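Given the structure is predicted, the values throughout are model-derived calculations rather than measurements. Each chain gets a letter, A, B and so on, in the order the sequences are listed, and its residues count up from 1.
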Amino acid sequence: MSQSKFHLNRRHFLAGTAGLGLASTLPGLARAQENVSVTQFIWTGAQEPVPRRIAEEYVAANPHVTIDMIAGTNGATFPQLQASRDIDPEDPLLNLGFFNMDATERGKLVDMWLPITPDNVPAVANILPDYRQENDLGAFFCMDVCGLVYNTDYFDEAPDSWEILFDPALRGKVAMFDGFWPGNGLVSTALINGGSEDDIEPAMAIYEQAARDGQIHSLFTSNSQAQQLLVSGEVVVMPHFRGVALPWRNGGAPVDYAVPKEGQVAFPEGFQVVNGSTEAQLDVCYDLVSKSLEPQNVLDYCQTAYVVPLMDNVDLPEDMAADPAISPEAIANAQKLDYAKIAANGPEWSRMWNRRVKANL
Amino acid sequence: MSGATATPLAAPLAAPGRVLPRWVRLALLIGPGFFLIVLPFFGAMVMLGTYSLNLRDANGMGMGLSLWMDFASDGFNWSVLWNSVRIAGISTILSVALAYPVAAALLRVRSRAFLAFAYIALFSPLLMSMVSRAYGWLLLLSDNGFVNQTLGLLFGIDPIRLVFNETGVIIAIVHVVLPYAVLPILNTMTQVPPVYREAALDLGASGWTVFRRVTLPLTLPGVIVAAEIIFALSASAFVTPSLLGGGRVLTLSQLVYENIGMIEWGMAAVQAIVLLVTALAVLFVLERVNRATHAARES
């Protein structure tokens with residue numbers, strides 16, 4: 001029997017241990033490289049370019065990942081998402097999406113969202129404390145504001161109160177969203193007339209009278225309709241969002257945004273991760289949220305979409321900081337609506353709206 | 001060469017032993033259409049039925065006819081249903097009234113180039129998306145739009161409200177459904193032998209009498225088929241009333257959409273079923289009229 005030529009020395013032992021260690025990680029590496037397909041919901045218009053860029057960069061760096069984008073509105077997409085989860089809770093239409101507080105609160109009622117915590121997305125810790133969500137259900141890193149959007153050819157001075165919507169001098173020259181409560185001034189009108197999210201009657205009575213008096217030109221359901229009405233001068237003032245109006249203005253339209261003295265409506269926006277996504281999908285979703293919450297990406301998004309960052313590590317450039325609509329005072333004075341109550345009361349308000357406002361237009 | 005290869009292929013197919021049984025041939029003919037149209041329709045109906053009866057309520061609470069009772073006891077729903085039927089009815093009458101002379105004119109066109117142009121013009125509404133078309137109408141009919149500006153220049157009149165009301169909705173619906181009205185009427189007209197009309201004229205009937213006593217009765221089946229198609233399309237129209245109605249034109253299809261948006265699946269299902277049954281009822285009446293006129297003509 002020949003003597004073995006193999007001698008176990010320290011070098012061999014260390015190499016073997018390293019090899020075993022490497023081998024033990026192989027299943028994990030293999031899993032990480034599995035093809036993963038994620039569907040992300042984004043908003044259209046000015047809100048679209050930055051999420052698309054981030055997704056493209058992510059896919060370029062992670063070739064095993066594909067990201068399908070669905071662009072649309074919360075109003076149209078949320079029911080589809082819920083329907084998909086009603087059919088199969090383990091196969092939702094989306095894995096990651098950009099949602100407002102209204103959809104967020106409706107989603108909470110049906111266990112739609114998964115937490116986005118500092119453990120899986122460290123940048124969540126940089127979101128301003130007032131906008132961190134209970135149980136971290138959502139990462140609301142920016143917000144739009146809703147105030148008065150007006151035709152600059154018609155007004156010599158910017159309107160400064162929600163009450164201008166009901167000024168008889170503007171009879172037939174006012175339009176608003178059809179049934180989009182944070183955006184059509186209904187809740188704001190309630191708040192400044194002694195009502196609340198629990199008591200919408202003061203505002204509903206005012207809107208009903210306005211409908212009967214011919215104050216309301218029309219109710220619109222899309223931004224394109226609103227733009228056409230306002231730019232043509234057919235309508236001269238409407239409740240709408242700064243982030244929607246400023247691209248019109250900067251495109252040359254005779255349109256501008258004004259902050260009502262009673263306060264503009266704070267409209268937080270951010271990411272939700274959808275319950276029912278697989279572990280591999282969740283990993284990608286959290287990576288995407290992390291990347292999106294990097295300060296430069298947040299700033300890029302806010303500048304492109306004309307919204308306000310809600311992160312403590314994002315410094316506003318001078319031109320943004322100088323805008324009175326997003327000054328610290330204006331933000332502090334903003335109406336912070338109770339979106340949970342709005343979501344809960346929405347169906348009843350809708351019934352009232354149809355019967356008392358739309359039926360009397 | 002080609003003939004040499006064709007023979008061996010054709011022979012086995014022509015052999016009597018290889019002919020498929022009749023039921024298989026029927027199944028092959030009907031199957032694709034059945035799976036594409038009938039199954040999804042009945043599947044959707046079953047789903048709507050279960051939602052409308054609250055059978056899909058996860059808690060099993062409130063199962064029954066409560067949603068139907070809610071719908072039936074609310075006068076608002078009936079007024080909206082009436083709106084839908086009225087708008088569909090007006091659109092149907094206007095479409096058929098416009099389509100009939102168009103079809104009659106197309107029947108008489110001899111120039112192939114003009115005929116091609118006429119068909120392209122007629123079918124142009126179907127070549128663009130419904131949303132784009134609706135926004136086009138907004139630009140044309142708004143107070144500062146092309147139509148009102150032209151009227152102002154020509155007649156010095158103030159803008160007339162042509163959109164964000166029922167007028168605009170009906171104009172836009174008629175525009176898009178007109179091709180569907182022309183085709184069945186034109187098809188029926190081509191089947192009426194010209195000698196009938198010529199015989200009536202030879203016997204001294206005036207043009208109006210010929211139309212009233214000969215042409216119209218013989219083409220009535222086409223008119224009724226056109227009316228059936230137009231009514232069904234108009235009653236369920238959603239995008240046009242939604243974008244051009246400005247909140248003033250309430251239709252049941254909009255309420256269905258609104259309830260879906262609020263995740264009120266049950267009421268949306270009830271309203272969808274009511275809309276469908278109403279449309280079917282109107283189609284049933286029109287079909288009875290069609291059969292009655294056919295029977296009268298035969299007798």
With a cut-off of 6.0 Å (strictly less than), are more than 12 heavy atoms of other residues, nucleotides or ligands near [atom1] of [X]?
X	atom1	answer
B:M128	CE	yes
A:E48	CD	yes
B:M130	CE	no
B:F238	CZ	yes
B:Y180	OH	no
B:F146	CZ	no

Please test B:S242 against A:F220 for side chain to side chain contact (heavy atoms under 4.5 Å, CB included), starting from the C-alpha separation and ending with a verdict.
-> CA-CA 8 Å; B:S242 187; A:F220 54 82; over 6 Å; no
Non-hydrogen side-chain atoms of A:D86 and B:W265 separated by less than 4.5 Å =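 Yes, close enough: below the 4.5 Å cut-off.
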May I ask you to test the A:L219-B:F164 pair for a side-chain heavy-atom distance under 4.5 Å?
-> no
[atom1] of [X] to [atom2] of [Y]: how many Å apart, nearest 0.5 Å?
X	Y	atom1	atom2	result
B:L138	A:Q228	CG	CD	5.0 Å
B:I263	A:F78	CD1	CZ	5.5 Å
A:S350	B:L255	OG	CG	8.5 Å

Would you mind checking which part of [X] comes under 4.5 Å of any heavy atom in chain B, side chain (CB onward), backbone (N, CA, C, O), both or neither?
X	value
A:A76	both
A:L229	side chain
A:N354	both
A:A83	both

Is it the backbone or the side chain of B:I260 that comes under 4.5 Å from a heavy atom of chain A, or both, or neither?
-> both
With chain A, which of B:R161, B:M262, B:R248 has the greatest number of heavy-atom pairs at distances under 4.5 Å?
-> B:R248
If only atom types and distance count, is the side chain of B:N144 paired as donor or acceptor with the main-chain N or O of A:S232 below 3.5 Å?
-> yes
Quick one: do the A:T221 and B:Y257 side chains pair a donor with an acceptor below 3.5 Å?
-> no
Residues A:R355 and B:D74 bridged, charged N to O under 4.0 Å |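 Salt bridge: yes.
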Inspect the contact between B:E258 and A:R351 and indicate whether a charged nitrogen and a carboxylate oxygen are less than 4.0 angstrom apart.
-> no
Shortest non-hydrogen separation from A:P79 to B:G261 and the atoms involved =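 In this case the closest contact between A:P79 and B:G261 is CG-CA, 3.6 Å.
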